[in-house]
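Below you'll find the structure, written out as structure tokens, and then a few comments.
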Amino acid sequence: MTYEIDELNQEVTLKNDWRKTTQYLMPPKLKPIANANEEYQVYPTCSLGSGKIFNGFETLSKYIIGQGVVMIDGYAGIFWDRIREGLQQCFTDAGLSVNWIDTADFLKPTGLVDELVKPFLGTEDAVWGTRTTLTLRDLFEDSLGQQQTNQSDINIIIGTGAALSGWKAPLIYFDLPKNELQFRMRAGSICNLGAAEPQGATQMYKRFYFVDWVMLNNHKKEILNHIEVMADGQWMDTFNWCFKKDLLEGLDQMSRSVIRARPWFEPGAWGGQWIKKNIEQINKDVVNLAWSFELISPENGLVFESDGHLLEVSFDTLMFTSNENILGRHAARFGDEFPIRFDFLDTVDGGNLSIQCHPSLKYIQENFGETLTQDETYYILDCEDDAKVYLGFQEGIDPVEYRAALEESKTTGKEIAIEKYVQSFTAAKHDLFLIPNGTVHSAGAGNLVLEISATPYIFTFKMYDWVRLDLDGNPRPINIDHAFHNLDFNRKGESVADELISKTTIIEKTEDYQLVHLPTHKDHFYDVHRIEFEARAVQHTDQVCHVLMVVEGDGVLLETADGTTRTFAFAETFIVPAAAESYTLTNLGKAGVKVIKAFLK
């Protein structure tokens, strides 16, 4: 479904001081356009059917009045004061008395919370911390569980952690997309859990990632079966909500057919212009767009629709309810963690990424508390004629000399003739470069890279960043020590081209269809196929999840075995769960089409 976006709404969402971003806020309601040409959708939706999503304070207040006693819990970053004020006005208009209890009043003192989280944050100048072992309950006084209702017409306990009160009452949960949480964080309009004030975006993100999000995701999973109402809190003066039973039906249907997460976009020091030129419905009044978060499950959401009203929930909500449907025979290994990541790196008319590497599995587990490591590949979706990829070391690499050059550049700002140490290869459309952990690499200028990877995404050890500043004029962190604990100096010389550039083979062919294998490295737990066809192609999941993207052609019509149909345009990422069993792709263009398929080995 294609929607008309309210341009006035988009203009208003940029004129505020509570979110810092160049990109639009998703509107709470979209108007369908009949017979519109399908194109890349910034707000992909899954329909819940008519009358399933409700808007605003008045509708939710009527539900609460009917209950008398409720708990209102939710994610970090929710503007609880605005929710309370809007609901209170409805109760006042109805002539009802309300006993409000705020969970924030029962947080432990800020100094004590700071001490609790400190072991998980590393040193102050560290980019990374370690995933916390704390629970959300650890941040609250025992008195939270001792609060009682009174004789008021309505009793409400509100705020993050409300379910910890233990009340025998309906639970309302407000979710918040991770991108909007970060935009609020950058604006200084929210704090970390238990913090007295904003601490700056870098420190706040580290605390969110390694502490707050871990506790809150675990809390959400624990209380999910008790939630009666799910609400979307990404707007300032309104919200949308639905009954969880209806949401569960939508999640179940999605887990058996097809999934597309909502993408979001970010500028960066090396960012390019391809995304700006080729994707509509985004704000293009930006210096560049470096990333599209196509499918980074810890940070993407899923959008449901009813009568044009939109409601977004975090991707892990789907995994908590339906991970076996999604992952099939790999569910036991990966649990609630969706293991494959798709994102765009745009350097077209931009710059080079930093010279970098990623941690070994042992290193990321022991130092950062992750379960998977950041094994990547670069699929070249588009590129300029002179584009290249930096990959592996030169045959004669001297690690001591290389490190000395890096340290000197970091200290003095001296440029490095990096190809003295690191190889480069000409990039061409549809090439696949393999980047197992420990491999030195970078995407050069002039590429639109589809990064197909394991899910971890923030553990990039930069060694050389071309002596440039970030978009705010500050130096970007350089992590030479971490890199040298992980670099594989055996990935050098001729072996790089042999082992780290995928060699395609055709493994299945008919008159109008062929299946091409793009083998990944032995260290990758995922593999890659390319489906190439003129008219249509049928695929079977064999109890394995498929992550797909149209990488050449106008688009495809997908039909799953249960009769679900969805259209996907060029460059859109979508998932066919293991439980879908089979699906048919039909070419919507006149020329042949190519679809990338990543899947677990």
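- Here the side chain of Arg260 pairs a donor or acceptor atom with the backbone of Gln41 at under 3.5 angstrom.
- A salt bridge is absent between Arg536 and Asp512; no separation between the charged side-chain nitrogens and carboxylate oxygens falls under 4.0 Å.
- Salt bridge present: Arg341 and Glu376 bring a charged side-chain N and a carboxylate O closer than 4.0 Å.
- Interatomic distance, Gln514 CD to His529 NE2, rounded to the nearest 0.5 Å: 12.5 Å.
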Review point. Taking it one step at a time, do Lys601 and Asp527 satisfy salt bridge (Lys or Arg N to Asp or Glu O under 4.0 Å)?
Key: CA-CA 6 Å; Lys601 292 178 179 177; Asp527 209 350; 5.5 Å; no
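- Note that the OG1 atom of Thr373 and the CZ atom of Phe459 stand 8.5 Å from one another [nearest 0.5 Å].
- The CG atom of Leu381 sits 6.5 Å away from the CG atom of Leu450 when rounded to the nearest 0.5 Å.
- Under 4.0 Å is where a charged nitrogen must lie from a carboxylate oxygen, and between Lys221 and Asp316 no such pair does.
- Using the six-membered ring where Trp is involved, Phe293 and Trp264 have ring planes that are parallel, under 30° apart on the 30 and 60° scheme.
- Separation of atoms CZ (Phe342) and CD (Glu572) is listed at 13.5 Å; rounding is to 0.5 Å.
- For Phe304 and His309, the ring centers are positioned 6.0 Å apart or more.
- For the side chain to side chain contact (heavy atoms under 4.5 Å, CB included) with Asn179, the qualifying choice from Arg262, Gln23, Glu299, Glu266 is Arg262, the only one to do so.
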Exercise for review: Could you check Arg566 against Glu559 for salt bridge (Lys or Arg N to Asp or Glu O under 4.0 Å), going step by step and ending with a plain yes or no?
Suggested key: CA-CA 7 Å; Arg566 288 279 294 275; Glu559 182 173 6; over 6 Å; no
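- A distance-only check finds no donor-acceptor pair linking the side chain of Ser582 to the backbone of His540 [under 3.5 Å].
- Both cation-pi conditions hold for Lys597 and Phe599: the charged atom is under 6.0 angstrom from the six-membered ring centre and inside a 45 degree cone around its axis.
- Here the side chain of Lys503 pairs a donor or acceptor atom with the backbone of Asp498 at under 3.5 angstrom.
- Note that the CD atom of Gln539 and the OG1 atom of Thr541 stand 10.0 Å from one another [nearest 0.5 Å].
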Point to revise | side chain to side chain donor-acceptor pair (under 3.5 Å) between His521 and Asp375, intermediate numbers included | key: CA-CA 9 Å; His521 191 269; Asp375 289 315; over 6 Å; no
Practice item. Could you walk me through whether Asp465 and Arg476 pass salt bridge (Lys or Arg N to Asp or Glu O under 4.0 Å), step by step? Key: CA-CA 8 Å; Asp465 199 30; Arg476 301 177 78 209; 3.0 Å; yes
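- Taking the six-membered ring for Trp and thresholds of 30 and 60 degrees, His441 and His358 have ring planes inclined between 30 and 60 degrees apart.
- Here the two rings, on Trp466 and Tyr390, have centers that are under 6.0 Å apart.
- Taking the six-membered ring for Trp and the full ring otherwise, Phe461 and Trp128 have centroids separated by under 6.0 Å.
- Relative ring orientation between Tyr40 and Phe265 is described as tilted, the plane-to-plane angle lying within the 30° to 60° band.
- Of the possible donor and acceptor atoms, one in the side chain of Asn587 sits under 3.5 Å from a partner among the backbone N and O of Glu534.
- For the ring-ring contact (aromatic ring centres under 6.0 Å, His included) criterion with Tyr205, the lone passing option out of Trp213, Phe183, Phe210 is Trp213.
- Listed here is the closest heavy atom pair of Cys383 and Ala387: CB-CB, 3.9 Å.
- Using the six-membered ring where Trp is involved, Phe334 and His330 have ring planes that are tilted, between 30° and 60° apart.
- Checked for salt-bridge contact, Glu180 and Lys178 miss the test: no charged N lies under 4.0 Å from a carboxylate O.
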Exercise for review: Please report the C-alpha distance between Glu305 and Ser47 in whole Å, then the side-chain angles of each, then the deciding distance to 0.1 Å, and finally whether the side chain to side chain contact (heavy atoms under 4.5 Å, CB included) criterion is met.
Suggested key: CA-CA 5 Å; Glu305 177 272 338; Ser47 176; 3.6 Å; yes
Review point. Would Phe208 and Leu181 satisfy side chain to side chain contact (heavy atoms under 4.5 Å, CB included), going step by step from the backbone distance to the final call?
Key: CA-CA 10 Å; Phe208 274 126; Leu181 182 150; 3.7 Å; yes
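- Proximity of a side-chain donor or acceptor of Thr347 to a complementary backbone N or O of Gly444 within less than 3.5 Å is detected.
- Here the options are Leu557, Val593, Val550, the test is side chain to side chain contact (heavy atoms under 4.5 Å, CB included), and the partner is Leu588; only Leu557 passes.
- Counting non-hydrogen atoms of neighbouring residues, nucleotides and ligands closer than 6.0 angstrom, the CD atom of Glu324 reaches no more than 12 such neighbours.
- What you find for Asn447 and Val389 is that their closest heavy atoms are ND2-CG2, 4.3 Å.
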**Study point:** Derivation and outcome, salt bridge (Lys or Arg N to Asp or Glu O under 4.0 Å), residues Asp562 and Arg256
**Key:** CA-CA 8 Å; Asp562 69 353; Arg256 299 173 187 276; over 6 Å; no
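- Look at Lys522 and Glu499 and you find no salt bridge, because none of the NZ, NE, NH1 or NH2 atoms lies under 4.0 Å from a carboxylate O.
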